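What follows is a single structure, written as structure tokens, with notes after it.
Here is the naming used below: chain letters follow the sequence lines, and residue numbers restart at 1 for every chain. Since the structure is predicted, the reported quantities are computational estimates derived from the model, not experimental observations.
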There are 2 protein chains.
Amino acid sequence: MSAKPQPQPQQNHLLAALTPDVQGRLFPYLELVQLPLRALLYESRRPMRHVYFPTDSIVSLQYVMENGASTALSVVGNEGLLGITLFMGGESTPTRSMVQSAGYAYRLPRLRVKEEFNRHGQLLLLMLRYTQALITQISQTAVCNRHHTIDQQLCRWLLLSMDRLSHNHLTMTQEFIGNMLGVRREGVTQAALKLQQQGVISYARGMIKVLDRPKLEALSCECYGVVKKESDLLLNYLPQRQVIVNTDSIPTAELSTIPAAR
Amino acid sequence: MSAKPQPQPQQNHLLAALTPDVQGRLFPYLELVQLPLRALLYESRRPMRHVYFPTDSIVSLQYVMENGASTALSVVGNEGLLGITLFMGGESTPTRSMVQSAGYAYRLPRLRVKEEFNRHGQLLLLMLRYTQALITQISQTAVCNRHHTIDQQLCRWLLLSMDRLSHNHLTMTQEFIGNMLGVRREGVTQAALKLQQQGVISYARGMIKVLDRPKLEALSCECYGVVKKESDLLLNYLPQRQVIVNTDSIPTAELSTIPAAR
DNA sequence: TCCTTTCGGTGCGGTAGCGCGCATATGGTG
DNA sequence: CACCATATGCGCGCTACCGCACCGAAAGGA
């Protein structure tokens with residue numbers, strides 16, 4: 001957060017994969033927004049106004065139960081987008097989207113998306129493909145929740161998050177990870193301890209560094225591999241063009257934020 | 001299975017919701033197939049040739065792990081269709097689809113679906129809406145797997161299955177349900193015993209009867225309600241036309257079957 | 001500098017669900 | 001009618017995880 005980043009639409013793989021003509025139509029309407037940690041892009045059952053394309057932020061989809069406990073269903077970064085409901089035909093979902101790693105995203109008003117969608121072109125195809133990958137990820141979360149230990153799930157979570165970042169460290173507390181996985185903080189502590197003792201990660205007060213990624217993958221359950229493989233298969237785009245865009249004074253999206261994790 | 005059923009395309013809600021012109025284009029290509037218990041419509045990572053529209057059968061999507069254990073991700077009956085991957089842009093998925101309650105389904109060759117899909121009309125919209133409902137169901141499975149007891153999950157499962165049948169009895173053993181929920185058979189036995197003692201269900205050797213549905217709903221976790229509500233919201237179609245079609249000597253789809261549950 | 005808040009580490013009793021082994025009933029088949 | 005495969009019931013020890021309570025250390029604000 002110290003050095004000014006230089007977000008550009010093409011950092012998002014979906015935006016980058018569009019052909020110039022589609023980009024020409026859409027990019028003028030893109031709005032760059034800053035996403036602080038814990039901000040909510042969508043709340044459960046509230047109308048959705050934009051579709052978000054993360055560049056260097058990570059957002060997770062979660063379901064919040066009646067008693068307040070939550071579970072993350074998937075992780076979305078620069079490989080994807082948020083707001084699939086808008087083009088799938090609904091207006092809201094029972095899930096919410098929370099920023100899990102601060103950063104930037106471009107967003108497009110609902111109307112523009114629907115407009116472009118109705119042209120039945122490239123954007124439609126891309127979005128559907130991405131939705132398919134998302135379904136795989138949610139499915140695998142279900143499987144993992146049923147069959148695997150917290151240790152394995154932590155590995156999966158770290159890997160999924162790392163894949164969406166350009167560096168090897170994550171800013172999140174164990175309490176936070178517990179909320180994501182839907183387990184106790186103490187459970188995460190135990191799992192993290194084991195990983196640290198094995199030299200796979202190191203951490204301190206909300207900063208986690210991955211030291212040995214191959215080992216992390218080995219310790220993870222098959223779920224990570226399945227999701228990764230399927231995503232790569234589905235989202236194997238054209239090579240991405242590089243465009244340099246310098247930006248300044250980017251607004252923070254007017255979003256509600258989760259207080260402190262209780 | 002004693003009395004000959006009279007399947008008709010309109011028993012499937014999605015087919016019924018199509019306007020006559022679309023029906024006119026598609027129905028000539030519909031093929032009625034019989035789906036025996038435990039038949040596999042799709043196997044993991046195998047090419048998919050048809051889209052299936054169940055009339056009175058129930059099919060579940062499941063993921064099979066490397067060690068052979070499985071978990072159901074969702075239940076599909078006459079409210080939906082199987083093979084969303086075909087129009088989402090993939091050719092296969094890591095999940096398989098297994099018949100959970102024998103019956104009939106109409107199927108459409110892949111090519112016809114894609115053709116109609118490319119017209120970007122009603123079928124596209126319907127399918128996307130259904131996909132959204134399916135995502136909700138899979139998500140809720142993930143939540144349920146994490147947070148709820150076997151007792152609650154059994155209730156959810158029974159309710160989801162009942163909603164897709166026109167009668168109040170299910171033909172499935174506890175062993176089978178265990179495979180679906182990804183839990184031990186003994187766990188299901190315990191849960192079923194409790195339900196029977198409370199007079200909510202009665203069962204014997206693979207035949208389960210639901211005696212007190214309201215109580216079943218009360219004993220279920222919130223997951224069932226969320227899925228139901230969201231589906232009703234998304235799939236709230238036009239009133240369905242009734243057409244009587246008499247059929248005879250319906251072929252069984254050439255499908256592989258799971259041996260006996262081990 | 002002090003004080004408060006946050007983060008991570010630990011221990012303890014309780015429980016849901018697992019793996020396993022075995023007993024019993026029952027419906028279908030020969 | 002006899003038999004057998006199948007479906008269900010039950011007990012036992014074990015493990016992963018939970019809820020709770022408490023601690024110390026580090027970070028950060030005043």
**OP:** Map A/Q153 and A/R205 onto DNA chain D by nearest heavy atom, then report which one ends up closer to the 5' terminus.
**Re:** A/Q153
Original post:
Taking atom P of D/dC17 as reference, at what distance in whole Å does atom CG of B/N145 sit?
Top reply: 14 Å
Original post:
Between B/T189 and A/R184, which is nearer to the 5' end of DNA chain D once each is assigned its nearest nucleotide?
Top reply: B/T189
**OP:** Figure out the CD/C1' separation between B/Q197 and D/dG9, and round it to whole Å.
**Re:** 11 Å
Original post:
Is a donor-acceptor contact shorter than 3.5 angstrom present between the side chain of A/R185 and the base of C/dG9?
Top reply: yes
**OP:** Look at A/Y203 and D/dA26 and indicate whether a side-chain polar atom (N or O) is within less than 4.0 Å of OP1 or OP2.
**Re:** no
**OP:** Mind calculating the distance between NZ (A/K194) and C1' (D/dT15) to the nearest angstrom?
**Re:** 11 Å
**OP:** Measure from the side-chain heavy atoms of B/E186 and tell me the nearest of C/dG11, D/dC10, C/dC7.
**Re:** D/dC10
Subject >> A/L193 side-chain proximity, nearest of C/dT10, C/dC7, D/dA5 >> reply: C/dT10
Original post:
Quick check: does any side chain N or O of B/Q190 sit under 3.5 Å from a backbone N or O of B/G187, one acting as donor and the other as acceptor?
Top reply: no
**OP:** Identify the two heavy atoms, one from B/A72 and one from B/T141, that lie closest to each other, and give their separation to 0.1 Å.
**Re:** O-CG2, 3.5 Å
Subject >> Shortest side-chain distance from A/I150, nucleotide among D/dC10, D/dC17, C/dG8 >> reply: D/dC17
**OP:** For B/S44 and B/P94, indicate whether the former's side chain and the latter's backbone hold a donor-acceptor pair under 3.5 Å.
**Re:** yes
Original post:
Rounded to the nearest Å, what distance is computed from the CG atom of residue B/N67 to the P atom of nucleotide C/dG19?
Top reply: 9 Å
Subject >> Nearest-angstrom distance from the residue atom CG of B/L195 to P of D/dG9 >> reply: 12 Å
Original post:
Over how many whole Å does the gap from A/F176 atom CZ to C/dT6 atom C1' extend?
Top reply: 15 Å
Original post:
When the distance from NE2 of A/H147 to P of C/dG17 is rounded to whole Å, what number comes out?
Top reply: 14 Å
Original post:
With a 4.0 Å cut-off on heavy atoms, is B/G187 in touch with a base, just the backbone sugar-phosphate, or nothing at all?
Top reply: nothing
**OP:** Check whether more than 12 heavy atoms from other residues, nucleotides or ligands sit under 6.0 Å from atom CZ of B/R49, and answer yes or no.
**Re:** no
Subject >> Spacing between A/E175 atom CD and D/dG19 atom P, to the nearest angstrom >> reply: 12 Å
Original post:
Hey, which of these two, A/M172 or B/H148, hits DNA chain C nearer its 5' end, going by closest nucleotide?
Top reply: A/M172
Original post:
Counting just side-chain N and O atoms, does B/Q190 come under 4.0 Å of either OP1 or OP2 of C/dA16?
Top reply: no
Subject >> Short side-chain to backbone donor-acceptor contact, A/S57 and A/Y104, under 3.5 Å >> reply: yes
